[in-house]
Amino acid sequence: MKGRIVIDQMLCKGCELCIAFCPKQLITLSDELNAAGYLPSSFNDRGDCNGCASCAVVCPEVAIEVYRE
Amino acid sequence: MKGRIVIDQMLCKGCELCIAFCPKQLITLSDELNAAGYLPSSFNDRGDCNGCASCAVVCPEVAIEVYRE
Amino acid sequence: MKKIFSRPKSLKKAVFHYCPGCGHSIIHRIACEAIDELGIQEKAIGVPPPGCSVFAYYYFDVDMVESAHGRGAAVATGIKRAYPGAIVFTYQGDGDLSAIGTTETLHAANRGENITAIFINNAVYGMTGGQMAPTTMLGMKTTTSPYGRDDRFEGYPIKMSEILGQVRGTCYIERVAVNSPSNIRKARKAIKKAFQCQIDGLGYSLVEILSPCPTNWKKSPVEAWKWVGEVMAKEFPLGIIKDTTGKSDAD
Amino acid sequence: MKKIFSRPKSLKKAVFHYCPGCGHSIIHRIACEAIDELGIQEKAIGVPPPGCSVFAYYYFDVDMVESAHGRGAAVATGIKRAYPGAIVFTYQGDGDLSAIGTTETLHAANRGENITAIFINNAVYGMTGGQMAPTTMLGMKTTTSPYGRDDRFEGYPIKMSEILGQVRGTCYIERVAVNSPSNIRKARKAIKKAFQCQIDGLGYSLVEILSPCPTNWKKSPVEAWKWVGEVMAKEFPLGIIKDTTGKSDAD
Amino acid sequence: MLIKTVFSGFGGQGVLSMGLNLTHAAMLEGRYVTYLPAYGAEVRGGTANCTVSISDEEIASPVAYAPAFVVALNEPSMVRFQNKIQSGGVMFLNSDLIKEQPDRGDIEVVNIPANTIAEKMGNVKSANMVLLGAFVKKSNLVSLSSLIESLTVVLKGNQKLISFNKDALTVGYEFI
Amino acid sequence: MLIKTVFSGFGGQGVLSMGLNLTHAAMLEGRYVTYLPAYGAEVRGGTANCTVSISDEEIASPVAYAPAFVVALNEPSMVRFQNKIQSGGVMFLNSDLIKEQPDRGDIEVVNIPANTIAEKMGNVKSANMVLLGAFVKKSNLVSLSSLIESLTVVLKGNQKLISFNKDALTVGYEFI
Amino acid sequence: MNKMLFTGNAAIGEAAVRAGCQCYFGYPITPQNELTEYMANNLSRRPGCTFIQAESEIAAINMVYGASVAGVRAMTSSSGPGISLKQEGISFLAACQLPAVIVNMSRGGPGLGSIAAAQSDYHQATHGGGHGDYRTIVLGPSSVQELADLTYRAFEMSDKYLIPVMILGDGMLGQMMEPVEFKYEAPEVLPVRADALRGAKGRPSRFVRTFTSNPSELEELNWSLFRRYQLLQKEEVSFENYLTQDARLIVTAFGIGARIAKGAIKQARGYGMKVGLFRPITLFPFPREQLKELAKTTSYFLDFEMNMGQMIDDVKLSLEGAGEVSFYGRPGGVIPTSTELLRVISRIYSQKGLG
Amino acid sequence: MNKMLFTGNAAIGEAAVRAGCQCYFGYPITPQNELTEYMANNLSRRPGCTFIQAESEIAAINMVYGASVAGVRAMTSSSGPGISLKQEGISFLAACQLPAVIVNMSRGGPGLGSIAAAQSDYHQATHGGGHGDYRTIVLGPSSVQELADLTYRAFEMSDKYLIPVMILGDGMLGQMMEPVEFKYEAPEVLPVRADALRGAKGRPSRFVRTFTSNPSELEELNWSLFRRYQLLQKEEVSFENYLTQDARLIVTAFGIGARIAKGAIKQARGYGMKVGLFRPITLFPFPREQLKELAKTTSYFLDFEMNMGQMIDDVKLSLEGAGEVSFYGRPGGVIPTSTELLRVISRIYSQKGLG
Ligand SMILES: Cc1ncc(C[n+]2csc(CCOP(=O)(O)OP(=O)(O)O)c2C)c(N)n1
Ligand SMILES: Cc1ncc(C[n+]2csc(CCOP(=O)(O)OP(=O)(O)O)c2C)c(N)n1
Ligand code: SF4
Ligand code: SF4
Ligand code: SF4
Ligand code: SF4
Ligand code: SF4
Ligand code: SF4
Ligand SMILES: [Mg+2]
Ligand SMILES: [Mg+2]
């Protein structure tokens, strides 16, 4: 199954939980502080996101939306 | 075994518990109110008190002393 | 003939203010017997509650301090922590310990405060005129459960001893009753054992005592004593609820 | 592609004030998911506590009322009794529910008040800066147990859910955790089931949620989430503690 | 004119219902009334007493420090209130239960063998009403009829009790 | 003369220890001082700031409504305090983290690339001390030596940290 | 004549039921148990109503808080120690502007004290025993009839001003019986407050709170309360003037104390002393102007309380130095006699040469 | 110079330890947590000492009660809501004449309020928020140094008069750091009060209680307390006069408010206005005569408080109408500025034509 996520950089607090729980290691921290002073995470779409939503489920900030075919 | 009890008529509140728990029915209520306005119980020594102290143990007023040979 | 039963040394020679047939006076006496047997009269500090036993200090010939309603466990904690040399016990009614005092009791027990609680369960608020207690039987009519206690509105009789048995700071909990010579003797043993636990520094010990309240139960003393065994003891089974001492009951 | 995961309807669009990796925000979200699934947003009345979640009403898009510390169960009781048409839930921390609120909680449960408690166990007092909670692990250092919690002085971690399981007014009690996708999904189910119990009028339901507090645990969010499973869940085992619904867990 | 009466005895002797009845009767007669029961921690099935105040104008304090009348149903009550009753006052005693007499010369004493009378009537429990009947006859505080009228209210319409007590009141009333 | 300075940034950037050090140094120099950290429910690992007051006489209020100096370690802090700093005041910015400049013409702005400098020294964590060093040179509030003396107390004698921070202070001091 | 004999405690209960009180939460304590028991009898099983004997006074006041949030009329009652325990809850009620009626049938203090009647909780009631700048409306009845009337008024005022009301009675008022007439019938449908929380159906969700990280919000709350307190001072003060017209000495007293004072004043008048009584019925708002007014005709006042002197502060603050205020008090539950007070009155009367 | 930087909260803790405080029982609440934490660090494992984080403020105050009965120096601390919960316990301490030190680092109220500094618990502290006629000694520090000094004095006074002492600080004093010098060393052996309950060894058994079925006993207790309150008024009042000699307008303020006032007064003097400050340090006993004294030199007063006006009652009662008292206050945790107060001062100064 193919999936895709969108991370709201403004909401993200850089807790790295999505990174830790993505089975495909598709998420990394960006190196630009956001307005709130956090390093937000970002999605690197290598095309193999399966839309499992683990990242979204663990995101404390509800910063991740998940799309699936 | 031979026993004997002494009931302090001033302390007695006539609750009749000693009467109820004496295995030998040696205790009865007297018909004279005491100063506190209760009908105190009294000991009828028929000589077969065994000093089991049940009466004293159940007496809420610690009004009974028990003697035994 | 020699005297084999009389007033214990640490029980003052005073006329009880309790109603005829009340369990409090029995419990005062056996607690004093236990204190005498252990020879701790000079070390004991008692904490009586608001309740019918508010005047316990007129009877116990040991140091005593009045507690606010339900706070006995906290007061005893303060005394014992400030002066561990004392043997500190609370004397608490069921309203006092299992209603307003729930928090203080549960947490003192959980901390394993090295104190002893004598817990008088008479299924009502005696002093204030027979209102419902957390321990009131289902269906029982009291001045505040005039239609009979109904669990849908007033909840269930609460078993504090079983609950306290759950927390790890308690070392000994037993439920006894004062409704017969043999049960009264058992009760004395239990209180003595609870004090012994404190002497041995084992933690929080409690003796729950099913106790008749003829006045508010609207029964004669003899009926009331029967009721303790025939009704209360069914809801609140007698016996050891927790014992980590390993010591047998015999004394 | 279609959106399969986004913010639940009854969760306001606001930035959480919580620390990065905090369990509160997860729990807010899944509680709102449960509310949406049951379609009770218009009936729900929430009672958040003093605590890090004091501002919960900025996030939950349902009626809410601030409670005094520890009194959530009493406040919820008042609301539910006055207006049984509402679905009333408390949101309480471990300091709130298992320390100062012990009495109110235990007695509301015993009365079988038809309310739901969401009980956040993060082993510390978060809002006030990481003091020891009744649920703090033995040996754990906090600002008020600087030498590590020692049962001889500070007592043992207290298991409120097990204690509440003892009283007859409770219908459903489960302990869950928010430390992994699967556990978070279980937690959502549990909250939903607890609400369902209230809808069905079964009595007092409670979901205890082991929840990470990276800030006061002095751990990174990822470490903190691990610690929940590896340490806390050992002392506070996950799973159903009481269930009188007869209904299976599946939804 | 303000008149205070104290009823005193053991719990269970029915002193409170005596007071209540009197108060109610006086209210029916349009007087100002107050009724104050004693309450306290030491009252554990022990003694009971109540104070009834009856007046033609607003009543300041319901407490009686020097009652005009005292109705004592037992010895302790007689002893306690003989020190309080005002000079010239009248003390009513249940002579079946009180052997001693008050040792004050400045008060009048009325002895009524209430238990005996009540027993004769076949219900010792209504001794209190016998006393009350005698009391109102002598004290003239209210009429027998309003007393009887009050019974129905105070006894919440329990016919059996009402007729019993009615007779007791009447017998007591006529005893004087 | 009473001078108030605000230090502000994210939690973890060490703004509180900057303030504490300055306060302690001023105390050593025999001045009146107060130190007031911001505290609050909304501060959940978020921003942190503190106010240091230094004076030759008793200090009335430890609060700063119009500080003479502001040391901002991040953009939100700069934005927030540019509205508070008094006219003619000096604002110190960590130019590595703050791209914008305050839009007030009546204040002096000093940009210090504290992170860069600290990183060069091999420990980005001591960026705060670099800033503090620069701050005291420019503000002339206390001497570098008392600042350094304070380190030992504030860092509770942790030698490694002390020497680190000492160097950072000095470098910052000389940067101006 | 449809008067009935009621104890003060029962009269409050009956009046509350007739005022549409839907929820009562209480905890036993002498001397107010008859009220709790009356509510148990009358609300326990009444459809739509609730009686709970709470596990503590704290639980009770917080249940009241919850019921009030849900928009119904709710009440609790206690005495001395129990009222102290309710202080946090009362502060929360005041802060969240939730109506509620709290009854204190006060007894001798401090501590466990005595269960006899006393007036030593005046300060606690009128100055806010809880934390913060709030006040509660405080009513001081002096007869069973007034207890009934003021109970009804308490619910009305509390709803109107969104301020909790305390009825400050005492053990004697609670225990004694007097004829009472109830002037209202219980409503068919129980009132529900407009701003009640009952779920966000057909409207945005709402929340009730005080906690804020922005003090000026809290300041505004305090000012809005303060404005209402000033309004109360204008609109709601009540008091009784008894023989004050020609009085050379005016006794100030409230509640049961005022009754005793009346007795003493009657006797004093009998001896030709021109003495009168000023009795505040609303203790907060205190009838300041009305008392000050009296200072125009005399400058001698005697404050009489069954405590060590508490209302006397309000008396002095009202007079603003315009009068000379003596004090006579008996604390701890002692019930002074009219004759005893008469002695004090005559002493002052002659000392000040008023005769 | 052996001054150290301490937060106000920690300074209280250190001073208490040096005063021989053996037991601390507390419960977390902002803004006083640093004190609880300081005691955790210093008493938790110290031989013979005890620190307990209680399960609630109520448990804490009752543990203090127990420890005090056993004769040791004991302390608890809290803020607003927590202090309200302690009222019953404080009443019991006062009633049983047990020494204890209670700290209230007050915050904005009512209700949950705000955690910012406020002075709105003045009434509660000085008039006895609990039931009964008791009072506690109340101390109002305005600097960290004074916090330390008054903490020591609090323990001394409490033992001397057998009256609980409340230290009424505020969130700002608790959180801020200032240099402080501790003037005493912790005692080698901790003091034990003479009348402590420690078991009836070699003496008859004793009991400590207030409950009685005989009100006149309770009355006697109240009188004996009252006599001590009068003694306090004679012996223990302290206060600060700042630039009052020639002042035409005198500001009355306490605690942190007085600091802000000083700032304003300095500025006012700069503009040539003759303004002074009267700062009560003991809030109970309140320095009545000392304030009245000042009415000889001016009759214009401005009471300034961080609340809606509470101490102003004591100010007016002290002046007995001798002065005209204006008020300026900010409730809810708002910290007014000296400049803001300066404006008020100048307005009054010119309105009253004092210039
Ligand atoms: C704070 C407080 N609330 C209520 C009371 C009134 N009160 C005195 S004793 C008591 C309870 C008595 O019941 P229980 O504890 O079961 O003791 P018992 O009289 O039955 O032995 C109550 C509610 C009080 N003294 N203090
Ligand atoms: C009566 C009272 N006491 C203390 C406080 C301070 N306080 C606020 S929240 C809290 C406890 C927070 O811990 P917890 O309940 O575990 O919630 P968490 O912040 O950990 O989620 C305390 C003690 C208060 N607000 N009211
Ligand atoms: S949906 Fe699953 S695979 Fe895709 S990014 Fe999120 S966690 Fe990774
Ligand atoms: S989990 Fe959410 S908040 Fe945390 S890093 Fe990922 S996107 Fe950001
Ligand atoms: S000792 Fe035994 S036998 Fe003798 S009287 Fe008592 S109970 Fe009866
Ligand atoms: S048991 Fe005691 S009190 Fe009861 S009747 Fe016998 S002797 Fe009297
Ligand atoms: S009321 Fe009950 S508990 Fe109280 S003394 Fe009487 S019998 Fe005993
Ligand atoms: S302190 Fe802990 S519980 Fe509170 S918000 Fe931060 S992480 Fe969450
Ligand atoms: Mg009981
Ligand atoms: Mg927590």
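Computation of the quantities below employed the complete heavy-atom set of this structure, encompassing side-chain atoms and omitting hydrogens, waters and symmetry-equivalent molecules. Residue numbering restarts at 1 for every chain, and letters A, B, ... go by the order of the sequence lines.
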Should we count [atom1] of [X] as having more than 12 external heavy atoms under 6.0 Å?
| X | atom1 | value |
| --- | --- | --- |
| F:Lys138 | NZ | no |
| F:Lys99 | NZ | yes |
| F:Arg80 | CZ | no |

Close side-chain approach of [X] to [Y], heavy-atom, < 4.5 Å:
| X | Y | answer |
| --- | --- | --- |
| F:Val63 | H:Thr337 | no |
| H:Thr339 | F:Tyr65 | no |
| H:Leu5 | F:Val33 | yes |

Just how far is it from atom [atom1] of [X] to atom [atom2] of [Y], taken to the nearest 0.5 Å?
| X | Y | atom1 | atom2 | result |
| --- | --- | --- | --- | --- |
| H:Glu178 | F:Tyr35 | CD | OH | 13.5 Å |
| H:Met177 | F:Met27 | CE | CE | 10.0 Å |
| F:Thr34 | H:Leu173 | OG1 | CG | 11.0 Å |

Considering non-hydrogen atoms only, spot the tightest contact between [X] and [Y] and give its length.
| X | Y | answer |
| --- | --- | --- |
| H:Ser338 | F:Ala60 | OG-CB, 4.2 Å |
| H:Met176 | F:Pro37 | CA-CD, 4.4 Å |
| F:Ile59 | H:Arg259 | O-NH2, 2.8 Å |

Identify which part of H:Met172 has an atom lying under 4.5 Å from any heavy atom of chain F, answering side chain, backbone, both or neither.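 For H:Met172, backbone and side chain are both near chain F.
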Go through the steps to decide whether H:Lys266 and F:Glu57 satisfy the test side chain to side chain contact (heavy atoms under 4.5 Å, CB included), and finish with yes or no. CA-CA 11 Å; H:Lys266 281 204 194 99; F:Glu57 50 184 13; 3.7 Å; yes
